[in-house]
Number of protein chains: 2
Amino acid sequence: MDAAKILKKRGLRITKIRVAILETLAANLQALPYSKLQKDLSRFDRTTLYRTLLILRDKGFIHKALEEKGESYYALCSNCTSSMHNHNHVHFKCNRCSTVQCLHITNKLDLSIPKISINSIEIIAKGTCSACLLAD
Amino acid sequence: MDAAKILKKRGLRITKIRVAILETLAANLQALPYSKLQKDLSRFDRTTLYRTLLILRDKGFIHKALEEKGESYYALCSNCTSSMHNHNHVHFKCNRCSTVQCLHITNKLDLSIPKISINSIEIIAKGTCSACLLAD
DNA sequence: ACATAAATGCAACAATGTTGCATTAATAAT
DNA sequence: ATTATTAATGCAACATTGTTGCATTTATGT
């Protein structure tokens, strides 16, 4: 993954923390909790991390996979842009090892409720991940 | 709604803040953000509110309908107990007026993913609520 | 009314969110 | 390559929420 090239292609300045965040997220299969990003990227100021996460989210590079107990989990986007965020996948959290992952599903989920206009649907599943199932 | 009676029936002590929380939530159709509870119940200590919310959640009286941007939204449970939490409903947030409500749906949502054991599924829908649609 | 277990309020601290502002860095223009 | 300009960064500061320990008060069964 060439984070610099990706940033450039999408018209964003190439800065150290942006490259670092993208590479950190790319290096993990799971979504990463804020606290982990904070720790891994502690060479940067906390405010900068905070603002950079906002920008990368806004521009469609990353998304918040889950927010739970005051902690946000971040993951790379696969197909988003500034104008279009489509996260048609399920966010799964393992109750045992606490990892969070994005699961791409084929099932199309349609939900319609009278008198309400629904723009987006988010699904959060919890259970036991394959690694923990195997560890039994 | 007789909060005291409900608490007693479920074996919890009847205290002012418990009654107040249950009545506050019962008085609203929507789920209430923590900040609103905090404000309405400011006559009680913040720690007590925090701990009481934990207890009422644990005992199945209330549930966290949504956690977003660091803010938790709470609502009454309809059929939960200490041992059984079943929230088979959708949590809906209106993007315009920011209200959060629990929508009871009939559609059964089944999701199965290979190699993973799923225990619970939560659905969060966002869009425009009926009141805001009418206000156009 | 009393004993006892539980709930409360207070103090204190941690983590995250958030803003303003001066400094520094990235890019475009020369 | 140097400079101008625009954006990003780091620092300080403060708000909100989460969390724990402990002394005091309250709810309830006897």
Side-chain angles (χ1 to χ4, degrees), chain A residues 2-24 31-59 61-75 82 98 100, chain B residues 2-24 31-59 61-75 82 98 100:
Chain A
D2 189 342
K5 190 183 289 180
I6 293 173
L7 285 166
K8 186 164 207 173
K9 186 166 58 179
R10 304 266 292 271
L12 285 207
R13 288 192 177 184
I14 299 159
T15 69
K16 286 173 190 164
I17 193 172
R18 288 178 186 171
V19 171
I21 290 174
L22 293 179
E23 286 182 343
T24 302
L32 296 182
Y34 172 80
S35 58
K36 168 107 171 98
L37 287 172
Q38 167 88 64
K39 208 187 324 171
D40 287 5
L41 304 173
S42 59
R43 65 203 129 111
F44 303 101
D45 186 79
R46 200 171 67 79
T47 311
T48 304
L49 173 59
Y50 165 72
R51 278 195 269 234
T52 307
L53 288 174
L54 280 183
I55 291 172
L56 292 179
R57 271 216 296 159
D58 187 53
K59 300 299 183 186
F61 289 86
I62 66 175
H63 66 283
K64 193 182 273 196
L66 179 67
E67 183 172 348
E68 192 189 58
K69 291 170 192 161
E71 181 143 58
S72 296
Y73 292 73
Y74 294 95
S82 314
S98 297
V100 173
Chain B
D2 188 342
K5 191 185 287 181
I6 294 173
L7 285 166
K8 188 163 204 173
K9 185 165 60 180
R10 304 265 295 269
L12 285 207
R13 288 194 177 183
I14 299 160
T15 69
K16 287 172 192 166
I17 193 171
R18 288 178 186 170
V19 170
I21 290 174
L22 294 179
E23 286 181 343
T24 301
L32 296 183
Y34 173 80
S35 57
K36 167 107 172 99
L37 286 172
Q38 168 86 65
K39 208 187 324 170
D40 287 7
L41 304 173
S42 59
R43 64 202 130 112
F44 303 102
D45 186 78
R46 200 172 67 80
T47 310
T48 305
L49 173 57
Y50 164 73
R51 278 195 269 232
T52 306
L53 289 174
L54 280 184
I55 290 173
L56 293 180
R57 275 219 289 161
D58 187 52
K59 300 298 184 185
F61 289 86
I62 66 175
H63 66 284
K64 193 182 274 195
L66 179 67
E67 185 173 347
E68 191 189 58
K69 291 170 191 161
E71 181 144 59
S72 296
Y73 291 73
Y74 295 94
S82 315
S98 297
V100 173

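Within every chain, numbering begins at 1; the chains are lettered A, B, ... in the order of the sequence lines, protein sequences first and strands thereafter.
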Rounded to the nearest 0.5 Å, how far does [atom2] of [Y] lie from [atom1] of [X]?
X: B/L37; Y: B/Y74; atom1: CG; atom2: OH; value: 8.0 Å
X: A/L53; Y: A/D58; atom1: CG; atom2: CG; value: 12.5 Å
X: B/D2; Y: B/E23; atom1: CG; atom2: CD; value: 8.0 Å

Tell me the interatomic distance from [X], atom [atom1], to [N], atom [atom2], rounded to whole angstroms.
X: B/L49; N: D/dT17; atom1: CG; atom2: P; result: 10 Å
X: B/I55; N: D/dG18; atom1: CD1; atom2: P; result: 15 Å
X: B/R51; N: D/dT17; atom1: CZ; atom2: P; result: 17 Å
X: B/R57; N: D/dG18; atom1: CZ; atom2: C1'; result: 12 Å
X: A/L56; N: D/dA8; atom1: CG; atom2: P; result: 10 Å
X: A/L54; N: D/dA8; atom1: CG; atom2: C1'; result: 14 Å
X: B/K69; N: D/dT17; atom1: NZ; atom2: P; result: 15 Å

**Complete:** Across all chains, not counting sequence neighbours, the side chain to side chain donor-acceptor pair (under 3.5 Å) partners of A/E71 are A/S35
**Message:** Going by side chain to side chain donor-acceptor pair (under 3.5 Å), name the residues that satisfy it together with A/S72, two or more places apart in sequence or in a different chain.
**Reply:** A/K64
**Item:** Student check: side-chain heavy atoms of A/L22 and A/T52 closer than 4.5 Å
**Value:** no
**Request:** Identify the heavy atoms of A/A65 and A/V100 that sit nearest to each other, and give their distance.
**Result:** CB-CG1, 4.2 Å
**Asked** Shortest non-hydrogen contact from B/A20 to B/F44?
**Response** CB-CE1, 4.0 Å
**Asked** What are the residues of residues 10-20 of chain A, sorted by number, that bring a heavy atom to within less than 4.0 Å of DNA chain D?
**Response** A/R13, A/T15, A/I17, A/R18
**Request:** Using the side-chain hydrogen bond (donor to acceptor under 3.5 Å, both in side chains) rule, collect all pairs that involve residues 38-47 of chain A, keeping only residues at least two apart or in two chains.
**Result:** A/Y34-A/Q38, A/K36-A/D40, A/D45-A/T47
**Fill in**
Rounded to 10°, the angle between the first-five-pair and last-five-pair axes of the helix from C/dA1-D/dT30 to C/dT30-D/dA1 is 30°
Residues 8-18 of chain B, side-chain donor-acceptor partners within the protein, below 3.5 Å, at least two apart:
residue: B/R10; atom: NH2; partner: B/K59; partner atom: O; Å: 2.8
residue: B/R10; atom: NH2; partner: B/C80; partner atom: O; Å: 3.1
residue: B/R18; atom: NH1; partner: B/R13; partner atom: O; Å: 3.0

**Request:** With a 4.0 angstrom cut-off to heavy atoms of chain A, pull out the first and last contacting nucleotide of DNA chain C, in 5'-to-3' order.
**Result:** C/dT16 to C/dT27
**Message:** Using heavy-atom distances to pick each residue's nearest nucleotide on DNA chain D, tell me which of B/S35 and B/K8 is more 5'.
**Reply:** B/S35
**Prompt:** Which residues, if any, of residues 36-45 of chain A bring a heavy atom under 4.0 Å of DNA chain C?
**Reply:** none
**Asked** Quick one: side-chain contact (heavy atoms from CB on, under 4.5 Å) partners of A/S98, sequence neighbours excluded?
**Response** A/K93
Distances for protein N or O near nucleotides 13-15 of chain D N or O, under 3.5 Å:
none

**Presence of B/Y34 side-chain N/O under 4.0 Å of D/dT16 phosphate oxygens OP1/OP2** = no
